[in-house]
Amino acid sequence: QVQLVESGGGLVPAGGSLRLSCVSSGQSFSRYVMGWFRQAPGKEREFVAVRGWISSRAYYADSVNGRFTISRDNAKNTVYLQMNSLKPEDTAVYYCAAGKTIQTVISTNGIDAWGQGTQVTVSS
């Protein structure tokens, strides 16, 4: 069973950058598709980015495409989310997730594990 722990959240002014990290303590990290989601106050959790175990395959929500980059280091059992040009509307709790396929992770129908979340606040 994979366990995920996020870090790297914080308070940043609009236009700034943050890098989130998610470390897996389980086995076979390289075989998992890894994703990032976020949940703003009063809103449902939404997909942000996903990267397959074949590292070249990555997909992004339209709202973050071109500003955020998901990457992974299988040797460190870690997935990252580099967030640039942050906007106040990016404020949310960010969660990483692990699953078997890109489609089931994006749809959340096939999430094997969630992290506990890390708060990102972007001030205007």
Side-chain angles (χ1 to χ4, degrees):
Q1 180 73 19
V2 62
Q3 294 180 327
L4 306 173
V5 178
E6 302 98 334
S7 63
L11 174 64
V12 62
S17 298
L18 278 176
R19 187 177 80 157
L20 306 182
S21 301
C22 173
V23 179
S24 169
S25 60
Q27 298 179 350
S28 302
F29 172 80
S30 62
R31 297 184 180 182
Y32 281 98
V33 171
M34 299 300 298
W36 286 95
F37 293 77
R38 66 187 182 186
Q39 186 167 18
K43 295 186 178 181
E44 294 187 353
R45 191 172 299 187
E46 64 175 3
F47 164 74
V48 173
V50 65
R51 181 171 284 276
W53 59 270
I54 300 174
S55 61
S56 61
R57 297 180 63 191
Y59 302 92
Y60 300 90
D62 290 343
S63 59
V64 307
N65 196 24
R67 300 187 297 122
F68 291 11
T69 301
I70 184 172
S71 61
R72 62 190 297 165
D73 185 337
N74 290 336
K76 296 182 178 180
N77 284 6
T78 302
V79 61
Y80 304 97
L81 185 68
Q82 177 67 43
M83 306 184 296
N84 299 328
S85 302
L86 282 161
K87 305 175 181 180
E89 51 263 44
D90 294 319
T91 295
V93 177
Y94 283 72
Y95 300 88
C96 68
K100 296 297 192 301
T101 72
I102 286 178
Q103 291 79 6
T104 57
V105 168
I106 291 175
S107 69
T108 71
N109 289 332
I111 300 294
D112 291 324
W114 290 95
Q116 84 289 350
T118 185
Q119 176 70 47
V120 172
T121 303
V122 184
S123 62
S124 57

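Predicted model only: the values in this text are computed from it and were never measured.
- Atom CG of residue Leu18 and atom CD of residue Gln82 lie 8.5 Å apart, to the nearest 0.5 angstrom.
- In this structure, the side chain of Tyr32 does not engage the main chain of Ala97 through any donor-acceptor pair within 3.5 Å.
- Atoms OG and CG, from Ser17 and Leu86 in turn, are 6.0 Å apart once rounded to the nearest 0.5 Å.
- Every residue meeting the side-chain contact (heavy atoms from CB on, under 4.5 Å) condition with Ser28, not counting sequence neighbours, appears here in chain and number order: Arg31.
- In terms of hydrophobic clustering, with Ile, Leu, Val, Met, Phe, Trp and Tyr side chains grouped at heavy-atom distances under 4.5 Å, Val33 and Val79 are assigned to different clusters.
- At least one side-chain heavy atom of Tyr60 sits under 4.5 Å from a side-chain heavy atom of Thr69.
- Between the CD atom in Gln3 and the OG atom in Ser24 there is a gap of 8.5 Å [rounded to 0.5 Å].
- Contact between Phe47 and Ala49 at its shortest, heavy atoms only, is CE1-C, 3.3 Å.
- Here the OH-CZ distance, from Tyr95 to Arg45, works out to 4.5 Å after rounding to the nearest 0.5 Å.
- Residues meeting the side chain to side chain donor-acceptor pair (under 3.5 Å) test with Ser123, sequence neighbours left out: none.
- Both Val48 and Ile70 sit in one connected hydrophobic cluster of ILVMFWY residues. Membership requires side-chain heavy atoms under 4.5 Å apart, directly or through other members.
- Heavy atoms only, all atoms of each residue included: Leu4 and Ala98 are closest at CD1-N, 3.8 Å.
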Take Thr104 and Thr101 through the test side chain to side chain donor-acceptor pair (under 3.5 Å) and record every step on the way to the result.
CA-CA 5 Å; Thr104 57; Thr101 72; 2.7 Å; yes
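- Grouping the Ile, Leu, Val, Met, Phe, Trp and Tyr side chains by contacts below 4.5 angstrom, directly or via other members, places Leu20 with Val64.
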Go through it in stages, so that I can follow the logic: the residues are Asp90 and Phe68, the test is side-chain contact (heavy atoms from CB on, under 4.5 Å), and I'd like the CA-CA distance, side-chain angles, deciding distance and then a yes or no.
CA-CA 11 Å; Asp90 294 319; Phe68 291 11; 4.0 Å; yes
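- The only member of Glu6, Arg38, Gln39 that meets side-chain hydrogen bond (donor to acceptor under 3.5 Å, both in side chains) when paired with Tyr94 is Arg38.
- Note that the SG atom of Cys96 and the OH atom of Tyr80 stand 12.0 Å from one another [nearest 0.5 Å].
- For the pair Val5/Gln116, a side-chain contact is recorded, criterion being any heavy-atom separation below 4.5 Å from C-beta on.
- Remark: side-chain polar atoms of Arg57 are not paired, donor with acceptor, to backbone N or O of Gly52 under 3.5 angstrom.
- How far CZ of Phe37 is from CH2 of Trp114: 4.5 Å, rounded to the nearest 0.5 Å.
- Connection of Val93 to Met34 is not established within any shared hydrophobic cluster, with ILVMFWY side chains joined at heavy-atom distances below 4.5 Å, either directly or through further cluster members.
- In this structure, Trp36 is not a member of the same hydrophobic cluster as Ile102, with clusters built from ILVMFWY side-chain heavy atoms closer than 4.5 Å.
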Run the side chain to side chain donor-acceptor pair (under 3.5 Å) test on Asn74 and Arg72 for me, step by step, so that the C-alpha distance in whole Å, both residues' side-chain angles and the decisive distance to 0.1 Å come before the verdict.
CA-CA 6 Å; Asn74 290 336; Arg72 62 190 297 165; 2.9 Å; yes
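- Side-chain atoms of Thr121 do not come within 3.5 Å of backbone N or O of Thr91 as any donor-acceptor pair.
- Contact detail for Ala14 and Ser124: the closest heavy-atom pair is CB-CA, 4.4 Å.
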